[in-house]
Amino acid sequence: MVFYRSVSLLSKLRSRAVQQSNVSNSVRWLQVQTSSGLDLRSELQELIPEQQDRLKKIKSEYGKVHLGNITVDMVLGGMRGMTGLLWETSLLDPDEGIRFRGLSIPECQKVLPAAKPGGEPLPEGLLWLLLTGKVPSKEQVKSLSQELQSRATIPNHVYKTIDALPVTAHPMTQFATGVMALQVQSEFQKAYEKGIHKSKFWEPTYEDSMNLIAQVPLVAAYVYRRMYKNGDTIPKDESLDYGANFAHMLGFSSSEMHELMRLYVTIHSDHEGGNVSAHTGHLVASALSDPYLSFAAALNGLAGPLHGLANQEVLLWIKSVVEECGENISKEQLKDYVWKTLNSGKVVPGFGHGVLRKTDPRYTCQREFAMKHLPEDPLFQLVSKLYEVVPPVLTELGKVKNPWPNVDAHSGVLLNYYGLSEARYYTVLFGVSRALGICSQLIWDRALGLPLERPKSVTMEWLENQCKKA
């Protein structure tokens, strides 16, 4: 079985078949898996020994191969662009965008099981893909969905811990606190204290990760209902899938909102390992901190304005445009407002990206969702105008490497349309989604025995001396 498959521009996608794709004169294959009767844990039990051997071979045969040169700019620029992490679950290409185990977002939309024909992919299917590198059958996704439901119980002390915070505390503060309160049930911590062999580290990590993925929607929904709905909580519905049940617990019964939540969780789940939340989770876990501690740390990184908090800033900025200029603002007026924002020393939220150099595919699929379900919505029409106005302005400014919209430019408008208008809460949705990617990679970190992360740091004096020698 091939664990990692890189696929591009699928020419045809027949149901449950092996397909051929051609990328830059190289031919690669996507195995679309039929139901084998194996559950997810059993699937991993078979895959892990192969990948352990694969990593050993890479170390022994290619360990001294150079992957590039480190410059002073990289050292001073937040290690941007340095190749220094192993992250199996996804890869970010500057031009093509994110690929989950080799599959682009449009490809995932075509091959991953959906709740209805032509619908958005189920997050459970994406989780299976991230963990195994294979596209699951509908039966496997249904079974995984039921397993996650069975794990979705929250100890009462978690709610009490959240309730100890002021109701006015930021939603991310309450969410991360709830995740930390879950940590007392960590199977990995218990197994480590009993002296589990390192070759088995992945097994309790798997249990913690699956429990965490199952539990975070309940914690997140509790925070939302506590803050915005007078604490009137809604029990989970075990007949619903992961995304739909999350929307249900938040208080949304619309089938379109359920579809949006499936899409949202799927496309926000992972974005390779170098972003702040993913890297933080990986870094903390490398110290053998359990998944709860590691994911809570990742959430604290996600809460930063330069990372996940940006999605709330986009909707707030768009609403400020409407308040000052009205919904029917012309492109010329919008251009003036964009320049006003830039000249005041602020950024236009939702545009630009640390890696991408074209429009974010996650933006594109959300735009397609809006064109299908809410084409006449005034805020969506405003977002469409921004797509035409902002990139030329940023290009004219001359300081932006990527003037195109990212994932945050669109999500708030969609959520707002279906009634989830509390922008401060949006990063919590991001956090629930990101659990899938961070936990999937963490299981493989333990299975492959990846070491403690410890990069070398230097002083400015060291840099100056090295540069003088050069």
Side-chain angles (χ1 to χ4, degrees), residues 123-124 127 144-194 204-253 261 265 281 284-285 289-300 302-303 420 422 424-425 427-436 438-439 442:
E124 297 93 319
L127 174 59
L144 179 56
S145 184
Q146 292 171 344
E147 180 184 349
L148 291 174
Q149 281 282 13
S150 71
R151 293 173 180 264
T153 57
I154 304 293
N156 194 49
H157 76 266
V158 174
Y159 299 128
K160 290 182 178 179
T161 303
I162 296 172
D163 288 341
L165 295 169
V167 73
T168 54
H170 193 280
M172 283 297 284
T173 302
Q174 299 188 47
F175 184 39
T177 299
V179 171
M180 283 297 296
L182 286 169
Q183 190 274 338
V184 298
Q185 66 183 16
S186 171
E187 294 297 326
F188 180 83
Q189 183 187 45
K190 295 173 186 175
Y192 189 82
E193 289 175 352
K194 291 179 180 177
T205 299
Y206 174 88
E207 295 301 320
D208 277 357
S209 295
M210 295 297 286
N211 287 336
L212 179 58
I213 290 169
Q215 292 165 331
V216 288
L218 280 77
V219 176
Y222 184 82
V223 170
Y224 179 78
R225 303 296 298 184
R226 177 178 188 250
M227 292 189 68
Y228 304 113
K229 305 298 176 181
N230 299 315
D232 181 18
T233 57
I234 299 174
K236 67 179 181 178
D237 184 342
E238 295 192 1
S239 69
L240 296 175
D241 58 82
Y242 190 85
N245 186 50
F246 183 27
H248 158 76
M249 290 187 295
L250 291 172
F252 301 97
S253 58
M261 196 59 67
V265 173
V284 174
S289 297
D290 64 60
Y292 296 97
L293 296 174
S294 304
F295 184 64
L299 288 177
N300 291 327
L302 191 69
L420 210 170
E422 297 86 0
R424 292 181 80 221
Y425 184 78
T427 311
V428 175
L429 302 177
F430 201 157
V432 171
S433 309
R434 192 47 61 89
L436 275 67
I438 290 176
C439 289
L442 176 51

Okay, side chain of [X], backbone of [Y]: is any donor-acceptor separation there less than 3.5 Å?
| X | Y | result |
| --- | --- | --- |
| D237 | N245 | no |
| E124 | G243 | no |
| D208 | E187 | yes |
| S150 | E147 | yes |
| S294 | D290 | yes |
| Q174 | A169 | yes |

Which pair of heavy atoms, one from [X] and one from [Y], lies closest together, and at what distance?
| X | Y | value |
| --- | --- | --- |
| C439 | I213 | CB-CD1, 3.9 Å |
| R434 | F295 | C-CE1, 4.1 Å |
| V216 | A435 | CG2-CB, 4.2 Å |
| L144 | L127 | CD2-CD2, 4.1 Å |
| L299 | G431 | CD2-CA, 3.7 Å |
| I154 | Q215 | CD1-CB, 3.6 Å |

Exercise. Taking only residues at least two apart or on different chains, which pairs with a member in residues 148-187 satisfy ring-ring contact (aromatic ring centres under 6.0 Å, His included)?
Worked result: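 The answer is Y159-Y222.
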Determine whether [X] and [Y] make a side-chain contact, defined as any pair of heavy atoms from C-beta on separated by less than 4.5 Å.
| X | Y | result |
| --- | --- | --- |
| Y228 | R424 | yes |
| P291 | T205 | yes |
| L420 | L429 | yes |

Mind checking the [atom1]-[atom2] spacing from [X] to [Y]? Nearest 0.5 Å is all I need.
| X | Y | atom1 | atom2 | answer |
| --- | --- | --- | --- | --- |
| T173 | I162 | OG1 | CD1 | 11.5 Å |
| L442 | Y206 | CG | OH | 13.5 Å |
| M261 | L240 | CE | CG | 12.5 Å |
| T161 | M180 | OG1 | CE | 10.5 Å |
| F188 | E207 | CZ | CD | 13.5 Å |
| R225 | L250 | CZ | CG | 8.0 Å |

For this session: With sequence neighbours excluded, tell me which residues meet ring pair (Phe, Tyr, Trp, His ring centres under 6.0 Å) with Y425.
Result: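 Only Y224 meet the ring pair (Phe, Tyr, Trp, His ring centres under 6.0 Å) criterion with Y425.
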For this session: Report the C-alpha separation of E422 and M227 in whole Å, then their side-chain angles, then the decisive distance to 0.1 Å, and conclude whether the side chain to side chain contact (heavy atoms under 4.5 Å, CB included) test is met.
Result: CA-CA 10 Å; E422 297 86 0; M227 292 189 68; over 6 Å; no
Exercise. What do you reckon, is CG of N156 surrounded by more than 12 foreign heavy atoms closer than 6.0 Å?
Worked result: yes
For this session: List the steps and the verdict of side chain to side chain contact (heavy atoms under 4.5 Å, CB included) for V179 and L212.
Result: CA-CA 8 Å; V179 171; L212 179 58; 4.2 Å; yes
